Amino acid sequence: GDSVTQMEGPVTLSEEACLTINCTYTATGYPSLFWYVQYPGEGLQLLLKATKADDKGSNKGFEATYRKETTSFHLEKGSVQVSDSAVYFCALSPPSGNTPLVFGKGTRLSVIA
Amino acid sequence: DAGVIQSPRHEVTEMGQEVTLRCKPISGHDYLFWYRQTMMRGLELLIYFNNNVPIDDSGMPEDRFSAKMPNASFSTLKIQPSEPRDSAVYFCASTSRRAGGPREQFFGPGTRLTVL
């Protein structure tokens with residue numbers, strides 16, 4: 001079945017460091033891909049998305065590119081801030097769209113000043 | 001739009017008591033999902049509905065858990081009797097198939113349940 005694998009956390013970075021959180025997926029066809037963010041004490045919020053190969057999703061300085069050849073959707077940010085401390089989830093929506101999102105296990109990011 | 005609304009935000013109860021969690025999805029959304037999140041098990045899908053009909057409840061851990069969706073704007077998740085291992089944050093999410101495009105889900109703020 002469809003699955004998402006993302007790097008284990010926690011990840012601890014200093015402010016202004018570069019961030020990469022790896023995400024790879026297994027799916028039939030062409031799924032849509034998402035990154036969700038969960039700030040402490042809150043629900044998950046959509047951060048960015050991409051619907052087809054080579055699409056780049058971006059939001060709040062974060063970017064991720066849909067790479068069909070490597071089945072990856074890595075999350076990147078050039079300079080993290082303390083306010084980026086959160087748990088990040090990679091997810092896919094099967095092409096049919098009739099089934100729930102498939103989530104990765106989440107990666108906790110802590111940014112220290 | 002008010003987003004997905006959940007109540008209560010926090011619930012503390014004693015083992016053996018009945019617990020009812022409530023969710024109001026975004027107006028017009030025809031899919032509703034219930035998730036549970038714990039440190040040990042992460043985010044788990046419990047059950048989801050389409051047009052108020054339960055589609056897949058294979059994630060419901062035991063018969064003590066039940067969920068209903070009597071209409072398009074309201075759903076409940078009930079635990080009876082509750083046990084300490086049910087302590088978790090429970091999220092409700094909704095989405096619309098009719099919207100087209102990727103099926104992003106919109107999450108509520110969650111209910112933090114503590115069973116003593």
Side-chain angles (χ1 to χ4, degrees), chain A residues 1-10 23 25 27 29-53 55-59 64 66 73 86-108 110, chain B residues 1-7 9-10 21 23-26 29-51 53-60 88-112:
Chain A
D2 298 339
S3 66
V4 172
T5 302
Q6 58 182 109
M7 61 187 287
E8 298 269 340
C23 171
Y25 68 89
Y30 297 87
S32 295
L33 301 174
F34 306 85
W35 277 101
Y36 278 80
V37 59
Q38 183 181 26
Y39 298 105
E42 298 183 11
L44 281 70
Q45 306 172 23
L46 181 66
L47 180 60
L48 53 84
K49 63 188 178 188
T51 60
K52 59 184 187 296
D55 262 3
K56 178 184 283 188
S58 61
N59 185 26
Y66 189 145
F73 193 55
V87 181
Y88 292 83
F89 292 88
C90 186
L92 70 80
S93 174
S96 68
N98 294 335
T99 53
L101 295 183
V102 177
F103 284 91
K105 293 186 182 298
T107 302
R108 182 176 299 276
S110 295
Chain B
D1 197 323
V4 176
I5 299 172
Q6 292 187 246
S7 64
R9 291 295 310 277
H10 302 274
L21 311 181
C23 175
K24 176 178 170 56
I26 292 173
H29 282 189
D30 56 343
Y31 281 83
L32 183 139
F33 309 86
W34 281 102
Y35 290 87
R36 178 173 68 176
Q37 186 178 41
T38 62
M39 289 294 291
M40 291 297 294
R41 302 171 72 98
L43 190 67
E44 303 173 278
L45 176 65
L46 301 178
I47 184 171
Y48 76 98
F49 296 82
N50 176 220
N51 291 323
V53 176
I55 303 301
D56 185 352
D57 66 353
S58 60
M60 296 285 261
V89 181
Y90 291 81
F91 289 104
C92 177
S94 68
T95 192
S96 172
R97 180 180 175 183
R98 291 187 289 269
R103 308 287 190 255
E104 59 186 274
Q105 292 176 194
F106 296 82
F107 282 76
T111 295
R112 181 174 295 277

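None of the values given here were measured: they were computed from a predicted structure. Here is how names work: the chains are called A, B, and so on, in the same order as the sequence lines, proteins then strands, and each is numbered from 1.
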Chemist: Would B:Thr95 and A:Leu101 count as a side-chain contact (heavy atoms from CB on, under 4.5 Å) if you check the C-alpha gap in whole Å, the side-chain angles of each, and the deciding distance to 0.1 Å?
Modeler: CA-CA 10 Å; B:Thr95 192; A:Leu101 295 183; over 6 Å; no
Chemist: How would you list all residue pairs meeting salt bridge (charged side-chain N to carboxylate O under 4.0 Å, His left out) that involve residues 29-45 of chain A, not counting sequence neighbours?
Modeler: none
Chemist: What are the two closest non-hydrogen atoms of A:Leu44 and B:Phe107, and how far apart are they?
Modeler: O-CB, 3.3 Å
Chemist: Tell me, side chain or backbone of A:Gln38 under 4.5 Å from chain B's heavy atoms, or both, or neither?
Modeler: side chain
Chemist: Got a sec: does the CD of A:Glu8 have more than 12 other heavy atoms crowding it under 6.0 Å?
Modeler: no
Chemist: Taking side-chain hydrogen bond (donor to acceptor under 3.5 Å, both in side chains) as the test, write out the residues that go with B:Thr111, two or more places apart.
Modeler: none
Chemist: Has A:Tyr36 got a side-chain atom pairing as donor or acceptor with B:Gln105's backbone, closer than 3.5 angstrom?
Modeler: yes
Chemist: Inspect the surroundings of OH in A:Tyr30 and state if more than 12 heavy atoms from other residues, nucleotides or ligands are less than 6.0 Å away.
Modeler: no
Chemist: As an exercise: rank B:Gln6, B:Gln37, B:Arg112, B:Arg9 by heavy-atom pairs under 4.5 Å with chain A and give me the winner.
Modeler: B:Gln37
Chemist: For B:Phe91 versus A:Gly43, what's the shortest heavy-atom pair and its separation?
Modeler: CE2-CA, 3.4 Å
